[in-house]
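Contents: one structure, followed by commentary.
We name chains A, B, ... by the order of the sequence lines, and we start the count at 1 in each one. Computed from a prediction, not measured in an experiment: that's the story for all the values here.
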Amino acid sequence: MGVEQKLGNMGVVTTRLEDLVNWGRTNSTWPMLFGLACCAIEMMSTQASHYDASRFGMELMRPSPRQADLMIVAGRVSRKMAPVLRRLYDQMSDPKWVIAMGDCASCGGIFNNYAIVQGVDEIVPVDVYVAGCPPRPEALLDGIMTLHEKVRGEKLQEWA
Amino acid sequence: MTVGMNLGMPGGDNIQELSVEELRAKYGSGLEIQSEENMLLSMGPQHPSTHGVLRLLLELDGETVVNLAPDIGFLHTGIEKNMESKTYTQALVMTDRMDYLAPMSNNFGYILAVEKLLGVEVTPRAEVIRVILGELTRILSHLVWLGTSALDVAAQSVFLYCFREREYILDIYEMVAGQRMMASYFRPGGLWRDVPEEFVPAIRNFLDFFPSRIDDYEALLKENPIFHKRTKGVGVISAEDAISMGLTGPSLRGSGVNWDIRKSIPYSGYENYDFEVPLGTEGDVYSRYLCRMKEMRQSLGIIKQALDRLPDGPVQIDDRKIVPPPRSELGRSMEAVIHHFKLWTEGFKAPKGYVFQRVESPKGEFACYLRGNDTSKPARVHFRTPSYVNLASLPIMAKGLFVADLVAIIGSIDIVLGEIDR
Ligand code: SF4
């Protein structure tokens with residue numbers, strides 16, 4: 001009469017394939033190491049000791065877009081940078097998501113002028129917008145968790 | 001999706017279809033190819049160790065850098081132009097976002113220029129608080145430099161330690177200004193408000209624990225043989241070259257040139273503080289590292305002296321044409337309401353004329369040129385930013401070395417792209 005009989009057969013968990021895949025995707029989202037401006041410094045803070053984004057399975061920032069699932073657009077996107085950003089996005093392998101971090105990336109922020117793209121959603125599809133100039137690391141973490149929620153509800157088909 | 005694919009390229013060219021050579025020919029990077037045998041490599045703008053969106057065109061012979069040309073402008077924000085359409089107070093928020101590693105130093109330079117144009121003197125208390133925060137900012141910026149440049153030479157853990165202490169300084173920022181990074185705390189005529197009660201104990205606490213933390217950082221790198229191999233004798237620039245390239249800040253002092261605006265052209269009462277300007281001897285990456293580490297200790301000394309002499313009194317001048325009246329007066333005095341209304345709708349007017357004000361920012365000499373024209377908006381603002389000028393000496397330092405050394409050198413001149421492109 002061991003404890004295993006009381007617990008039943010714990011070796012097998014039944015779930016839907018979609019849930020399993022999405023569980024895997026949410027818990028190992030690797031962001032791209034892609035800093036543009038001031039917001040990137042807060043992104044680094046999020047990554048560093050105090051806020052520790054590795055709690056969300058994000059300890060690795062990949063400088064190469066090929067190895068990344070998540071693009072955090074941290075900062076203002078100038079017109080010169082825009083084609084580069086789009087190219088990086090195209091190089092990322094599916095499934096991929098984008099977080100627009102900060103006011104500049106979301107809507108141009110305080111720079112309503114000739115040089116700044118008024119919101120990065122003009123060039124890449126954005127999943128989550130995080131407000132703030134710069135957003136606090138807590139806000140970015142909240143954005144990441146919002147993204148996780150979104151990913152959990154996704155259908156496998158969407159990326160097939 | 002093709003929206004925005006052609007953004008940025010004047011002729012409507014698609015950047016993806018142009019080779020490096022075509023790009024260079026069309027948009028002129030200034031790189032002169034030495035030999036057709038060599039390889040051309042574009043490093044950046046997406047690269048982990050260019051500290052932002054810097055693009056370098058390299059001519060490589062094997063792994064040796066024969067020639068290089070920086071290509072900047074990937075973060076051009078139009079800050080100077082934008083400031084012309086804002087009142088003097090509103091334009092302040094733009095300065096934070098140039099050198100975002102040292103926001104208050106930028107505030108400092110701009111605000112001193114505005115005050116010079118207006119011809120006002122701030123109160124002694126405001127002056128001392130500015131010095132305290134200015135030096136804290138220097139430490140803040142040096143911490144990011146230390147963490148990231150150590151990452152560049154593959155010392156991972158330093159980064160985590162540096163950002164731990166950085167959080168403490170950011171908390172002080174938040175305490176005084178309500179914002180973690182973009183404080184905009186210095187205002188024309190003084191400060192936004194007086195510092196809260198917890199400010200002095202918090203700084204005293206910082207002064208207590210920070211020296212031992214600097215010891216920790218030094219234990220990780222200073223005598224580390226790998227770090228020595230990567231930095232000693234790498235990226236040497238002679239004193240003459242450094243001066244002729246206009247290098248400033250710790251990068252200049254690493255070559256042994258004694259030039260610090262706080263000493264040579266003192267501002268905000270820096271002449272009353274007793275501190276040394278650390279100098280290097282070799283002019284290599286390691287000397288620059290040592291200079292910055294010593295500078296952090298000197299900054300602590302300045303903060304300590306400033307705290308000891310922190311006078312009581314107001315932090316804003318008593319001129320209602322420049323400083324808005326306190327909230328409590330608004331209910332009582334009609335005049336205060338009028339001043340308040342005038343200041344927030346129109347702003348104060350600055351006289352015709354121009355000023356030039358330099359400050360020593362963590363990265364070097366930061367200067368602001370400001371021209372007024374009898375209106376409440378500046379006619380022209382120009383910033384002489386240290387990173388922009390310092391970047392120009394990169395080719396001198398890096399020629400003939402390996403690509404891996406180039407990475408260490410970029411880290412050692414401590415550039416920030418927000419300031420270069422503005
Ligand atoms: S949102 Fe603010 S902090 Fe972020 S990049 Fe824009 S100006 Fe900088």
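- Only the side chain of A:Tyr114 comes within less than 4.5 Å of a heavy atom of chain B; its backbone N, CA, C and O stay farther away.
- Not one N or O on the side chain of B:Tyr173 forms a donor-acceptor pair closer than 3.5 Å with the backbone of B:Thr137.
- Checking side-chain atoms of B:Tyr110 against main-chain N and O of B:Tyr88 turns up a donor-acceptor pair under 3.5 Å.
- A:Trp30 has its side chain out of reach of A:Leu70: every pair of non-hydrogen atoms, C-beta onward, lies at least 4.5 Å apart.
- For the options A:Ala48, A:Gly75, A:Gly35, A:Ala37, heavy-atom pairs under 4.5 Å to chain B are most numerous at A:Ala37.
- For chain A, no part of B:Leu417 is nearby; none of its heavy atoms comes within less than 4.5 Å.
- Neither the backbone nor the side chain of A:Cys104 comes within contact range of chain B, judged by heavy atoms closer than 4.5 Å.
- Contact of the B:Asp71 side chain with the A:Lys80 side chain is registered, since non-hydrogen atoms from C-beta on lie closer than 4.5 Å.
- Here A:Leu88 is the residue among A:Leu85, A:Leu88, A:Asn112 with the most heavy-atom pairs under 4.5 Å with chain B.
- Interface summary for chain A: among B:Lys81, B:Arg97, B:Arg166, the most heavy-atom pairs under 4.5 angstrom belong to B:Arg97.
- With chain A as partner, the option from B:Thr148, B:Leu160, B:Leu75 having the largest number of non-hydrogen pairs under 4.5 angstrom is B:Leu75.
- Only the backbone of B:Ile72 comes within less than 4.5 Å of a heavy atom of chain A; no side-chain atom from C-beta onward does.
- Contacts between A:Met61 and chain B at a heavy-atom distance below 4.5 Å are absent for every atom of the residue.
- Both the sub-6.0 Å distance and the 45° axial angle are not jointly satisfied by B:Arg213 relative to the ring of B:Phe210.
- Residue B:Gln90 does not touch chain A at all, counting heavy-atom pairs closer than 4.5 Å.
- For B:Arg164, the parts lying near chain A are the backbone and the side chain together; criterion is any non-hydrogen pair under 4.5 Å.
- Crowding of B:Tyr388 atom OH: a count of heavy atoms from other residues, nucleotides or ligands under 6.0 Å not exceeding 12.
- Relative orientation of the B:Tyr168 and B:Phe206 rings is parallel, given thresholds of 30° and 60° on the angle between their planes.
- Contact count versus chain B (heavy atoms, under 4.5 Å) is highest, among A:Ile41, A:Leu33, A:Ile116, for A:Ile41.
- When the candidates B:Leu101, B:Asn82, B:Val93, B:Val53 are compared by the number of heavy-atom contacts under 4.5 Å with chain A, B:Asn82 comes out ahead.
- In this structure, no portion of B:Ser85 lies under 4.5 Å from any heavy atom of chain A.
- Taking the six-membered ring for Trp and the full ring otherwise, B:Tyr217 and B:Tyr161 have centroids separated by 6.0 Å or more.
- Checking side-chain atoms of A:Glu18 against main-chain N and O of A:Gly153 turns up no donor-acceptor pair under 3.5 Å.
- A salt bridge links B:Glu174 with A:Arg136: the distance from a Lys NZ or Arg NE/NH1/NH2 to an Asp or Glu carboxylate oxygen falls below 4.0 Å.
- Most heavy-atom pairs under 4.5 Å with chain B: of the set A:Ser64, A:Ala40, A:Ser45, this distinction falls to A:Ser45.
- Residue A:Leu36 touches chain B through both its backbone and its side chain, counting heavy-atom pairs closer than 4.5 Å.
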